There are 2 protein chains.
Amino acid sequence: MHFEELIKTIKERREVMQVTQEALAELSRVGLRTLKQFESGKGNPTLLTLQKLADVLGMEVCLKLKNVTRSK
Amino acid sequence: MHFEELIKTIKERREVMQVTQEALAELSRVGLRTLKQFESGKGNPTLLTLQKLADVLGMEVCLKLKNVTRSK
DNA sequence: CTTCGAAGTGCATTATACAGCTCTTTTTTT
DNA sequence: AAAAAAAGAGCTGTATAATGCACTTCGAAG
């Protein structure tokens, strides 16, 4: 998942859950400004910020192997 | 995956691939100091840094739903 | 014990993420 | 269309991530 996908995933998940940026910001204890920047594609969140958001959205950050089948 | 797990995953993957911190730092274009801090559990890497490292290690950062079955 | 490679740490600098406040723009609701 | 809500953006401190350099620590090999 590259950058844009991760952002999109967070944003879509938030919308599916019908939570506003403001509510998510409060619940995750991430500044509203930070969340706004993140969702609008600006900035480069820290892992901690990403985890705080993901957590509230019932998601988790993970690392998985690419090319399970073959390179390319 | 919480913080420590992510770190552990990166570190173990690097070791399995028999790459030194120095080599990984160069390949991923992440400062050696940054990688060292990260692997020794200090700091809070940005998504970009994490992605650069994961990429070289043939991994990718992703977000997945927790509790697919049920809460807890 | 000495040497060497890899990993970890202290210090300093630069860049930028985080955050709040205010205002504008966009979207939704009535 | 007007009002209200939500999202986006400018300005601005403060905190800290990213980085380089030099030194220390650790483990393996001689």
Side-chain angles (χ1 to χ4, degrees), chain A residues 1-68 71-72, chain B residues 1-68 71-72:
Chain A
M1 268 179 135
H2 47 77
F3 214 91
E4 294 73 31
E5 281 183 284
L6 288 169
I7 292 174
K8 199 159 154 282
T9 301
I10 289 284
K11 186 165 186 170
E12 288 178 353
R13 173 76 178 155
R14 179 179 63 76
E15 287 168 348
V16 165
M17 292 179 79
Q18 301 209 56
V19 176
T20 63
Q21 290 179 336
E22 197 168 350
L24 175 56
E26 284 176 16
L27 290 169
S28 59
R29 295 177 167 289
V30 166
L32 178 56
R33 193 67 227 283
T34 302
L35 175 57
K36 283 176 184 298
Q37 278 187 3
F38 178 37
E39 279 197 11
S40 58
K42 283 138 193 167
N44 174 25
T46 60
L47 179 55
L48 190 57
T49 297
L50 193 58
Q51 286 184 324
K52 286 196 285 191
L53 294 174
D55 194 50
V56 171
L57 295 173
M59 306 181 84
E60 66 173 352
V61 178
C62 64
L63 282 170
K64 67 177 176 189
L65 289 175
K66 285 189 297 192
N67 320 321
V68 177
S71 63
K72 182 105 195 290
Chain B
M1 267 179 138
H2 47 75
F3 216 90
E4 293 74 31
E5 281 184 284
L6 289 169
I7 292 175
K8 199 156 153 282
T9 302
I10 289 283
K11 187 165 186 170
E12 288 179 352
R13 174 75 178 155
R14 178 178 64 74
E15 288 167 348
V16 166
M17 292 180 77
Q18 302 211 55
V19 177
T20 62
Q21 290 179 336
E22 198 168 351
L24 176 55
E26 284 175 16
L27 290 169
S28 60
R29 294 178 168 287
V30 165
L32 179 56
R33 191 71 227 281
T34 302
L35 175 57
K36 284 176 184 296
Q37 276 188 9
F38 178 38
E39 279 197 11
S40 59
K42 284 139 193 165
N44 172 24
T46 61
L47 178 54
L48 191 57
T49 296
L50 193 56
Q51 285 184 323
K52 287 194 284 192
L53 295 173
D55 195 50
V56 171
L57 296 173
M59 307 183 83
E60 67 172 352
V61 179
C62 65
L63 284 169
K64 68 177 178 188
L65 290 175
K66 285 188 298 194
N67 320 320
V68 178
S71 63
K72 198 37 192 329

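Throughout, a chain's letter reflects where its sequence line sits, starting with A, and its residues are numbered from 1. Keep in mind the model is a prediction, meaning the values are calculated, not measured.
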Sidechain-backbone polar pair: B:Asn44 side chain, A:Leu48 backbone, donor-acceptor under 3.5 Å: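 At least one qualifying donor-acceptor pair exists.
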
Checking B:Gln51 side chain against A:Met1 main chain: does a donor-acceptor pair fall under 3.5 Å?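 Yes.
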
Rounded to the Å, how far apart are [X] [atom1] and [N] [atom2]?
X       : N      : atom1 : atom2 : value
A:Leu35 : D:dA6  : CG    : P     : 14 Å
B:Leu24 : D:dT19 : CG    : C1'   : 16 Å
B:Glu22 : D:dT19 : CD    : P     : 15 Å
A:Glu26 : C:dG20 : CD    : C1'   : 13 Å
B:Leu50 : C:dA17 : CG    : P     : 15 Å
B:Glu39 : C:dA7  : CD    : P     : 7 Å
B:Gln18 : C:dA6  : CD    : C1'   : 13 Å
A:Gln21 : C:dG20 : CD    : P     : 14 Å

Counting only side-chain heavy atoms from C-beta out, which of [options] sits nearest to [X]?
X       : options               : answer
A:Val30 : C:dG8, C:dA17, C:dA19 : C:dA19
A:Thr49 : D:dG8, C:dC18, D:dA18 : C:dC18
B:Arg14 : C:dA7, D:dA7, D:dA9   : C:dA7
B:Gln37 : C:dC18, D:dT19, C:dA7 : D:dT19
A:Thr46 : D:dA7, C:dA6, D:dA17  : D:dA17

OP1, OP2 of [N] versus side-chain N and O of [X]: anything below 4.0 Å?
X       : N     : answer
A:Lys11 : D:dA6 : no
A:Lys42 : D:dA9 : yes
B:Thr20 : C:dG5 : no

Should we say atom CD of B:Glu22 is surrounded by more than 12 heavy atoms from elsewhere, each under 6.0 Å from it?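 Incorrect, the count does not exceed 12.
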
Take atom CD of B:Glu15 as the centre, draw a 6.0 Å sphere, and report whether it contains more than 12 heavy atoms from other residues, nucleotides or ligands.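 Counting other residues, nucleotides and ligands, CD of B:Glu15 exceeds 12 neighbours.
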
Given B:Glu26, B:Lys36, B:Lys11, B:Arg33, the one that forms side chain to side chain contact (heavy atoms under 4.5 Å, CB included) with B:Gln21: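 Exactly one candidate clears the test, B:Lys36.
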
Using a heavy-atom cut-off of 4.0 Å across all strands, would you classify B:Thr34 as base, sugar-phosphate, or nothing?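 Base: the residue B:Thr34, judged by heavy atoms under 4.0 Å, touches a nucleobase.
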
Taking the nucleotide of DNA chain C with the nearest heavy atom to each, does B:Lys36 or A:Lys52 sit closer to the 5' end?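 First, find each residue's nearest nucleotide; the 5'-ward one identifies B:Lys36.
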
Any N or O donor-acceptor pair under 3.5 Å from the base of C:dG10 to the side chain of B:Arg33?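 It does, because a donor-acceptor pair links the side chain of B:Arg33 to the base of C:dG10 below 3.5 Å.
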
